[in-house]
Participant: 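Quick one: the structure is below, questions incoming.
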Amino acid sequence: MTRPDLILLHAPSNYDFREHTIMYGPISDVIPSTPVFEMYPIGLVSIGAYLEKNGVHTRIINIANRMLKDPKFDVERFVKQLSASAFGIDLHWLPHAHGSLELARIVKSLHPSTPVIMGGLSASYFHQELITYPQVDLVVRGDSTEIPVLQLIERIKAGEPVDDIPNLSWKDKQGVAHHNPLTTVPTSLDEMPLDYAYAVKSVLKYRDLVGITPFGNWMRYPITCAVTCRGCNYDCVTCGGSRYAYKNSFGREKTAYRSPRLLVNDIVSIQRYLNGPVFVIGDIRQPGEAYADELLWAMNAAKVRGPIVLELFAPAGSDFFKRVNEAIPNYNIQWSPDSTDEEVRRAFGKGYSNGEIENTIQSALENDCKRFDLFFMIGLPKQTYRSVMENAVYLRALLREFGHKKRLLPFISPLAPFLDPASKAFENPEEYGYRLSCRTLEEHRKVLKSPSWKYMLNYETEWMTKDEIVMSTYDAALAFNQLKLEHGLIAPKVAAGVEARARGAMELMKTIDRIVIEHGFDCEEIMSLKQAADKLSSSSICQKKELHWPAASFMRNAPRILWAFATGSESRCGA
Ligand code: B12
């Protein structure tokens with residue numbers, strides 16, 4: 001088996017999730033991962049593919065998924081037998097602060113002379129603090145690290161100095177940290193394909209399927225994504241991927257895009273292997289109508305027939321959906337207006353009206369949109385308990401109008417566990433009505449060891465305490481659940497399951513609070529709740545499957561994968 005030059009590892013959110021009682025609650029109910037956030041950043045595939053193309057052997061190992069799949073999986077034993085010129089660990093999402101640092105500590109203790117590299121948006125934001133941890137040798141900063149990582153690994157392999165590599169934070173022999181300028185910020189993504197062929201080849205090369213599996217349930221639900229952009233033109237107040245965040249913390253002046261025809265190549269290439277939905281990240285109108293038109297034209301020419309999910313960042317009219325429908329027959333929409341309270345939505349940075357939301361939904365449904373998912377959030381500026389509950393009142397009217405088509409699905413979830421670092425609200429909490437209880441990386445690492453998601457929250461607002469954020473989440477979820485049941489959007493059995501888990505979760509949260517007041521976090525009483533906490537930490541605000549678009553399982557895709565290999569993995573869109 002080839003010895004990799006670089007091994008990229010992904011850690012669970014809290015490394016000790018298999019032993020400790022952690023009532024994660026609903027923090028991952030509306031994403032594919034479980035609460036340990038076992039999904040790795042898709043950028044690891046991008047780095048791996050770029051390095052392999054340049055002759056650097058790169059292997060991805062999803063340690064979190066291995067730990068999840070096998071309760072007896074011995075991380076230390078496994079890591080000990082690995083060999084590479086360098087190890088990379090993502091600290092992309094801040095909820096990995098505990099797991100990523102712990103995994104880095106284990107790697108460093110078992111391979112003291114092999115460099116440990118960290119990267120991702122949170123690693124970039126906290127680079128000055130991160131580099132001071134003894135288990136961290138190097139941090140590659142920025143939203144696009146393919147080029148500096150390649151340079152770094154080549155230098156490491158050649159035993160040459162790394163002191164002039166862009167975007168790099170490093171330590172000299174005395175342990176003093178240096179931070180090279182963040183100058184590699186590509187203005188186009190045309191040199192960076194998200195090449196899934198790399199992942200497929202890697203399975204064969206390293207004979208490891210579990211290790212590269214993106215998340216626990218992926219074999220049954222093989223969803224993939226295509227990335228239109230890095231950066232964003234919008235400025236949502238709590239988003240660590242907003243224009244403000246990219247400009248101030250990740251050195252990005254302008255959003256970078258991937259050309260429409262190359263993006264279609266990416267999608268066609270994915271659909272050669274898999275029949276699952278492809279999530280197109282970033283509103284395709286963001287670079288302008290001409291981009292959207294060219295992309296749709298190219299998708300049509302390439303006969304993209306599998307399910308495609310498009311994101312909206314702003315309202316859209318009939319003309320847009322008509323063009324989408326003509327180009328891609330199997331399309332779905334995801335949109336996050338976040339609140340039906342216009343004042344809250346405005347304070348959050350989204351200026352459109354409820355009337356515009358209604359027109360958008362109507363236009364999409366009239367133009368054969370297969371499913372329209374509408375997302376709402378809890379923990380926003382100016383949002384009170386009452387305003388959270390009023391979302392359900394408004395939605396009742398909305399579903400009365402559009403519900404009979406059974407294609408409009410609303411979801412509500414909390415902004416949890418963290419307000420994003422680098423967001424406007426994190427940088428200027430008072431200005432937006434936030435009170436932060438954690439600022440540093442170390443504070444976030446520690447708080448991830450809390451017994452419930454209430455204690456993990458790194459914020460509360462002028463309008464809601466942590467308790468209110470938690471309880472309004474479950475109350476609103478119960479109301480949404482009832483609405484979906486009444487409109488036939490979910491089966492009675494599904495609704496009953498969600499209701500039982502939401503009520504159970506509320507009780508458990510209160511029990512944990514009572515124990516914490518009396519005995520603190522680390523006690524026998526908390527430990528005894530582990531089973532209940534694990535059970536009530538998924539599908540407590542909606543059933544995860546409600547979010548699934550139709551997909552054939554990985555096994556049912558196997559013939560397609562073999563065929564793609566037999567006929568060569570390179571593919572071109574018909575455009
Ligand atoms: C797409 C997306 C998702 C997808 C995930 C797709 C995936 N597998 O990566 C979904 C919807 C599932 C998701 C979920 C979550 N997300 Co999200 N997501 C995004 C989004 C919109 C785009 C990211 C993107 O396109 N990246 C492009 C790819 C190609 O690059 P990349 O993965 O970032 O990797 C590059 C660099 O980051 C870096 N890098 C990454 N890892 C490593 C490791 C090493 C060693 C090195 C050297 C470099 C490196 O190099 C890579 C290549 O250049 C951003 C917002 C934005 N506009 O950026 C939010 C964003 C990243 N997500 C965010 C959050 C909070 C989450 C959740 C925690 C939310 C939640 N509570 O559920 C979860 C966590 C999921 C999990 N781990 O299970 C925050 C992160 C804030 C922070 N600093 O913590 C962001 C910034 C904004 C937001 N609120 O949505 N997300």
Side-chain angles (χ1 to χ4, degrees), residues 6-13 24 26-50 60 62 64 86-97 99-100 104 116-126 138-149 152-153 167-168 184 186 189 192-194 214-216 223-234 236 238-243 245-246 249-250 252 255-256 258 279-282 286 311 313 334 336 377 413-423 426 444 453 458:
L6 172 66
I7 296 182
L8 293 165
L9 302 170
H10 178 65
S13 164
Y24 287 106
I27 60 173
S28 71
D29 269 0
V30 295
I31 54 158
S33 286
T34 69
V36 306
F37 289 134
E38 78 277 11
M39 181 186 263
Y40 56 76
I42 194 65
L44 298 193
V45 173
S46 183
I47 296 173
Y50 188 82
I60 296 173
N62 189 343
F87 289 97
I89 300 175
D90 62 272
L91 178 53
H92 182 50
W93 294 287
L94 190 52
H96 290 90
S100 297
V116 171
I117 308 165
M118 301 206 60
L121 291 187
S122 298
S124 304
Y125 181 82
F126 289 108
L138 301 151
V139 181
V140 185
R141 286 141 38 218
D143 63 37
S144 301
T145 63
E146 292 82 350
I147 297 166
V149 171
L152 179 62
I153 303 302
N167 300 23
L168 186 70
T184 299
L189 302 185
M192 281 155 211
L194 196 49
F215 57 92
I223 184 171
T224 49
C225 63
V227 180
T228 63
C229 63
R230 293 190 192 169
C232 187
N233 293 353
Y234 291 83
C236 302
T238 67
C239 183
S242 61
R243 182 172 56 178
Y246 271 103
S249 299
F250 312 121
R252 177 165 292 292
T255 308
R258 185 150 169 82
F279 188 90
V280 179
I281 295 173
Q286 205 181 197
E311 276 193 284
F313 290 169
Q334 269 212 352
S336 304
M377 200 148 75
S413 63
L415 169 57
F418 299 148
L419 175 68
D420 292 358
S423 65
F426 193 87
H444 285 94
W453 68 282
N458 67 352

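Just so you know, these numbers use all the heavy atoms, side chains as well, and skip hydrogens, waters and symmetry mates. Fair warning: this is a prediction, and the values are worked out from it, not measured in the lab. Indexing begins at 1, ligand by ligand and atom by atom, following the structure's order.
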Participant: Which of the atoms of ligand 1 are close to I89, meaning less than 4.0 Å from one of its heavy atoms?
Facilitator: 45 (C)

Participant: Is the side chain of N458 donor-acceptor paired with the backbone N or O of L419 at a distance under 3.5 Å, no angle test?
Facilitator: yes

Participant: Under 4.0 angstrom from atom 3 (C) of ligand 1, is there any protein heavy atom?
Facilitator: no

Participant: For atom 53 (O) of ligand 1, state whether the nearest protein heavy atom is under 4.0 Å away.
Facilitator: yes

Participant: Quick one: does ligand 1 sit under 4.0 Å from the side chain of T145, the backbone, both or neither, non-hydrogen atoms only?
Facilitator: both

Participant: Does the N or O separation between S46 and ligand 1 drop below 3.5 Å for any pair?
Facilitator: no

Participant: Do you know which two heavy atoms are closest between G240 and L121, and how far apart they sit?
Facilitator: O-CD1, 4.2 Å

Participant: Does P186 reach the side chain of R230, with side-chain heavy atoms less than 4.5 Å apart?
Facilitator: no

Participant: Find all atoms of ligand 1 within a distance of less than 4.0 Å from any non-hydrogen atom belonging to L44, and give their numbers and elements.
Facilitator: 41 (N), 42 (C), 43 (C)

Participant: Looking only at N/O atoms, are L94 and ligand 1 under 3.5 Å apart anywhere?
Facilitator: yes

Participant: Is there a protein heavy atom at a distance of less than 4.0 Å from atom 59 (C) of ligand 1?
Facilitator: no

Participant: Return a yes/no value for G142: is any of its N or O atoms, backbone included, closer than 3.5 angstrom to an N or O of ligand 1?
Facilitator: no

Participant: Taking a cutoff of less than 4.0 Å between a non-hydrogen atom of the residue and any ligand atom, is C239 in contact with ligand 1?
Facilitator: yes

Participant: To which of F37, Y40, F215 does the heavy atom nearest atom 8 (N) of ligand 1 belong?
Facilitator: Y40

Participant: What residue and atom, counting heavy atoms only, is the protein's closest point to atom 22 (C) of ligand 1, and at what distance?
Facilitator: I281 CG2, 4.1 Å

Participant: Is at least one protein non-hydrogen atom found at under 4.0 angstrom from atom 19 (C) of ligand 1?
Facilitator: no

Participant: Counting only non-hydrogen atoms of the protein, does one fall under 4.0 Å from atom 56 (C) of ligand 1?
Facilitator: yes

Participant: Should you measure from each heavy atom of I27, which atoms of ligand 1 turn up under 4.0 Å away?
Facilitator: 70 (C), 71 (N), 72 (O)

Participant: Compare all side-chain heavy atoms of D143 with those of R252 and state whether any distance is below 4.5 angstrom.
Facilitator: yes

Participant: Considering only heavy atoms from C-beta outward, does the side chain of I281 approach that of E311 to under 4.5 Å?
Facilitator: yes

Participant: Given the protein's heavy atoms, is any one of them under 4.0 Å from atom 43 (C) of ligand 1?
Facilitator: yes

Participant: State which residues pass ring pair (Phe, Tyr, Trp, His ring centres under 6.0 Å) with F37; sequence neighbours excluded, sorted by chain then number.
Facilitator: none

Participant: Report the member of S144, G120, G88 with the shortest heavy-atom distance to atom 39 (N) of ligand 1.
Facilitator: G120

Participant: Under 3.5 Å between some N or O of ligand 1 and some N or O of M39?
Facilitator: yes

Participant: At under 4.0 Å between heavy atoms, is it the side chain or the backbone of D143 that contacts ligand 1, or both, or neither?
Facilitator: backbone

Participant: Relative to the heavy atoms of S122, which atoms of ligand 1 are at a distance of less than 4.0 Å?
Facilitator: 82 (C), 83 (N), 84 (O)

Participant: Would you verify that at least one protein heavy atom lies under 4.0 Å from atom 47 (C) of ligand 1, or report that none does?
Facilitator: yes

Participant: Does any N or O of ligand 1 fall below 3.5 Å from an N or O anywhere on S28, backbone included?
Facilitator: no

Participant: If you count the atoms of ligand 1 from 1 in the order shown, which ones are under 4.0 Å from a heavy atom of E146?
Facilitator: 52 (C), 53 (O)

Participant: Would atom 13 (C) of ligand 1 count as contacted, meaning some protein heavy atom under 4.0 Å?
Facilitator: no

Participant: Side chain or backbone, does E38 bring an N or O within less than 3.5 Å of an N or O on ligand 1?
Facilitator: no

Participant: Hey, does P41 have a side-chain heavy atom less than 4.5 Å from the side chain of W93?
Facilitator: yes

Participant: Which residue and atom name correspond to the protein heavy atom nearest atom 34 (O) of ligand 1, and how close is it?
Facilitator: G43 CA, 3.2 Å

Participant: Could you pull out the closest heavy-atom pair between I89 and A104, with the gap in Å?
Facilitator: CD1-CA, 3.5 Å

Participant: Only heavy atoms of G240, strictly under 4.0 Å: list the atoms of ligand 1 that pass.
Facilitator: 86 (C)

Participant: Hey, mind stepping through D90 and H96 against side-chain hydrogen bond (donor to acceptor under 3.5 Å, both in side chains) and telling me if it holds?
Facilitator: CA-CA 8 Å; D90 62 272; H96 290 90; 5.0 Å; no

Participant: Output the list of atoms in ligand 1 that are nearer than 4.0 Å to some heavy atom of L121, sorted by atom number.
Facilitator: 86 (C)

Participant: Within less than 4.0 angstrom of ligand 1, does A416 place any heavy atom?
Facilitator: yes

Participant: Looking only at distance, does H96 have an N or O less than 3.5 Å from an N or O of ligand 1?
Facilitator: no

Participant: When you measure from the side chain of S46 to the backbone N and O of L194, does any donor-acceptor pair fall under 3.5 Å?
Facilitator: no

Participant: The criterion is ring pair (Phe, Tyr, Trp, His ring centres under 6.0 Å); which residues satisfy it with F279, sequence neighbours excluded?
Facilitator: none

Participant: Examine D90 against ligand 1 and note whether any of their N/O atoms are separated by less than 3.5 Å.
Facilitator: no

Participant: Do L94 and D420 make a side-chain contact, defined as non-hydrogen atoms from C-beta onward lying under 4.5 Å apart?
Facilitator: no

Participant: Does the side chain of S100 come within less than 4.5 Å of H92's, by heavy atoms?
Facilitator: no

Participant: Using side-chain contact (heavy atoms from CB on, under 4.5 Å) as the criterion, point out the one residue from N62, L9, I60 that pairs with L44.
Facilitator: I60

Participant: Is the closest side-chain heavy-atom distance between V227 and R258 below 4.5 Å?
Facilitator: no

Participant: Applying a heavy-atom cut-off of 4.0 Å, say which part of M192 lies close to ligand 1: side chain, backbone, both or neither.
Facilitator: neither

Participant: Counting from 1, what ligand 1 atoms have a heavy atom of V149 closer than 4.0 Å?
Facilitator: 47 (C)

Participant: Would you indicate whether the side-chain heavy atoms of W453 and P414 approach each other to under 4.5 Å?
Facilitator: yes

Participant: So which atom in A123 and which in V139 form the shortest heavy-atom distance, rounded to 0.1 Å?
Facilitator: O-CG1, 3.9 Å

Participant: For F126 and H444, take the angle between the two ring planes, folded into 0 to 90°, and tell me which bin it lands in: parallel under 30, tilted 30 to 60, perpendicular over 60.
Facilitator: tilted

